[in-house]
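The analysis underlying the following values was restricted to heavy atoms, covering all of them including side chains, and did not include hydrogens, waters or symmetry mates.
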Amino acid sequence: MSDKKRTRWQRRPGTTGGKLPWHDWRNATSWRKATQFLMLAINGYIGVTFYYWVRYYETGGASLYLPRPGGIEGWLPIAGLMNLRYTLETGFLPPIHAAAMLLLVAFMLTSLLLKKSFCSWLCPVGTLSELIANLGKRLFGRHFSLPRFLDIPLRGLKYLLLVFFLSISLSMPAQGIQYFLMSAYGIIIDVKMLDFFRHIGTITLLSVALLVVLSLFIRHAWCRYLCPYGALLGLLSLLSPFKIRRNARRCIDCGKCAKNCPSRIPVDKLIQVRTVECTGCMTCVESCPVAQTLSFSLRTPGGETGKRHGALSGVTMALLVLGVMFASVAFAMLAGVWESPVPEHLYFRLIPQAGAIGH
C-alpha cells in the first residue's frame, strides 16, 4: 500500500510528512531533550557544588562552604561495582560510597527494563556527544560512517575496557573491597576524580580534543567505540522486554527510521530491534511517517486495528527513567547512606593531601 493511499487515521498527526515537530509536546524527542537538559543541569549543579566543597577543605575552611552533593556518587561507577560485589557477598549495604552502588543499580535496572535508555535519556556525556554531533552536521552537512571492517572491531574496544574494569572491580573479596574503600584513597576517590579533570595531563587533554573532533564527524564516537559503561548497559539491555518493533504490513519501506537512527541500526529491515546498540531513544519511531508502524513496546504493533500492545510514549519513558533514578535516591536517603559517613576532621586531613595519596 503506497503512502498516498493511506487514510488520514493511518498517518501520524502533525506535518504533511507525518513527523511530529520536535517541539510538539506529544513527541518523544521533546520529552527526551527535556530529560537530557534536566540531567545536564543537575550534573552541572553537582559539579560546581562539589568543587566548592573540595575547595573548602583544601583551604582549611577559609573559602565558601557548600554541602557535599550526594549525586557525585553517580560518577563513581567502579566504586559502585565494587560495592555491588560487597553487598551480594555479605548481604549488607557497604559502609562507604553506598550511593554509588545504588545509582549504578538504578541505571542497570533501567537497561533491563527499557533498553540502553540511560545513554540516550540520562547520561550527560551522551547528551554532550549528541550536541557535538548536531554541531558537526550543521557545519559539514552530514555525518560520516566508518566502513564495516573498521566499525565492527572498533566497537569491540568498549567491551575490552569493560572486561578490564570488571576485573578490577570484582576481583577482590568483600573484605578486600571494604579495606580498599575505607582507605585514604577510597575515602576521597571522588576528590581524586575531580583532580583528574583539574590537573589533566597534556596527553589526556589531546586525547579528549581528538575525541571531540571525531564526534563532529562520527555521531556518538565515544559511546559507540569506547564507553565501557554503555557496553555493560548494552549487554543488560538484551534482556529488556521493551524493544523497537516494526509492523511490516504497515511499513512503506521509506527507510527514514534507519536513516535517522543515531546508532545506525537497519530498523527498516527488522521486525524487532534486539541489538546492544539500541538506546531506546525512539528517534526511529518519531521518524516513521505512518502511525502504528514502529513502536517501543512489549509486542509488535497490531495490524489495521491500530492496537499498540503496550507501546510507551515519550512522557511515559521520561517518567520511568527519571522515576527509577529518583527512587534509588529516595531509598539511599531513607537508608541513611546518601550522605557520606566520613567525619569532617578526616576530610580536613585527607583532601589537602589528595595529590600525594595513591602515588
Is there side-chain contact between R246 and L294, with heavy atoms separated by less than 4.5 Å?
-> yes
What pairs meet the ring pair (Phe, Tyr, Trp, His ring centres under 6.0 Å) rule with one or both residues in residues 192-213, with sequence neighbours excluded?
-> none
Please report the shortest heavy-atom distance between S120 and T279, naming the atom on each side.
-> OG-O, 2.7 Å
Which side-chain N or O atoms in residues 201-215 pair as donor and acceptor under 3.5 Å with protein atoms at least two apart or in another chain?
residue : atom : partner : partner atom : Å
S207    : OG   : I203    : O            : 2.9
S215    : OG   : L211    : O            : 2.8

Let me check something: any side-chain donor-acceptor pairs from residues 103-113 under 3.5 Å, sequence neighbours excluded? List them with distances.
residue : atom : partner : partner atom : Å
T110    : OG1  : A106    : O            : 2.9
S111    : OG   : F107    : O            : 3.3

What's the shortest heavy-atom distance between F348 and G60, and which atoms?
-> CE2-C, 3.7 Å
Under the 4.5 Å side-chain heavy-atom rule for ILVMFWY, direct or indirect, which residues accompany L131?
-> F37, L40, L128
Find out whether P262 and C281 are in side-chain contact, i.e. whether some heavy atom of one side chain is under 4.5 Å from a heavy atom of the other.
-> yes
Would you call the rings of Y185 and F180 parallel, tilted or perpendicular, where under 30° means parallel and over 60° means perpendicular?
-> tilted
Heavy-atom check, side chain of R198 versus side chain of Y51, under 4.5 Å = yes
Could you note down all residue pairs passing salt bridge (charged side-chain N to carboxylate O under 4.0 Å, His left out) where residues 213-238 supplies at least one of them, sequence neighbours left out?
-> D151-R224
Could you walk me through whether L194 and I72 pass side chain to side chain contact (heavy atoms under 4.5 Å, CB included), step by step?
-> CA-CA 10 Å; L194 175 65; I72 196 67; over 6 Å; no
All heavy atoms of T49 vs all of L66, minimum pair found to be CG2-CB, 3.8 Å
Per-pair distances, 0.1 Å, donor-acceptor, side chain in residues 86-102, under 3.5 Å, sequence neighbours excluded:
residue : atom : partner : partner atom : Å
T87     : OG1  : N83     : O            : 3.1
T87     : OG1  : F92     : O            : 3.1
E89     : OE1  : R85     : NE           : 3.0
E89     : OE1  : R85     : NH2          : 3.2
E89     : OE1  : A174    : N            : 3.3
E89     : OE2  : A174    : N            : 3.4
T90     : OG1  : Y86     : O            : 2.8
T90     : OG1  : F92     : N            : 3.2
H97     : ND1  : E73     : OE1          : 3.1
H97     : ND1  : E73     : OE2          : 3.1
H97     : NE2  : G186    : O            : 2.8

Determine which pairs satisfy salt bridge (charged side-chain N to carboxylate O under 4.0 Å, His left out) with at least one residue from residues 41-55, sequence neighbours left out, and list them in order.
-> R55-E58
V324 and L114, any side-chain heavy atoms less than 4.5 Å apart = no
Decide if the gap between the ring center of Y56 and the ring center of W53 is smaller than 6.0 angstrom.
-> no
The salt bridge (Lys or Arg N to Asp or Glu O under 4.0 Å) partners of D268 (sequence neighbours excluded) come to none
Tell me, please, whether F144 has R142 positioned over its six-membered ring: NZ or CZ under 6.0 Å from the ring centre and within 45 degrees of its axis?
-> yes
CA sep, side-chain torsions, deciding dist, call: F50, R68, side chain to side chain contact (heavy atoms under 4.5 Å, CB included) | CA-CA 6 Å; F50 185 68; R68 179 182 182 272; 4.3 Å; yes
Answer yes when R32 and E130 have at least one side-chain N-carboxylate O distance shorter than 4.0 Å, and no when they do not.
-> yes
Find out whether M325 and L322 are in side-chain contact, i.e. whether some heavy atom of one side chain is under 4.5 Å from a heavy atom of the other.
-> yes
Quick one: side chains of residues 332-340, donor-acceptor pairs under 3.5 Å with protein atoms, not counting sequence neighbours, listed by atom name and distance.
residue : atom : partner : partner atom : Å
S340    : OG   : V342    : N            : 3.4
S340    : OG   : Y347    : OH           : 2.7

Applying ring pair (Phe, Tyr, Trp, His ring centres under 6.0 Å), name anything that partners F242, two or more places apart in sequence or on another chain.
-> none
Taking only residues two or more places apart in sequence or in another chain, which ones pass side chain to side chain donor-acceptor pair (under 3.5 Å) with R274?
-> Q272
List in chain and number order the residues that pass ring pair (Phe, Tyr, Trp, His ring centres under 6.0 Å) with Y225, two or more places apart in sequence or in another chain; answer none if no residue qualifies.
-> none
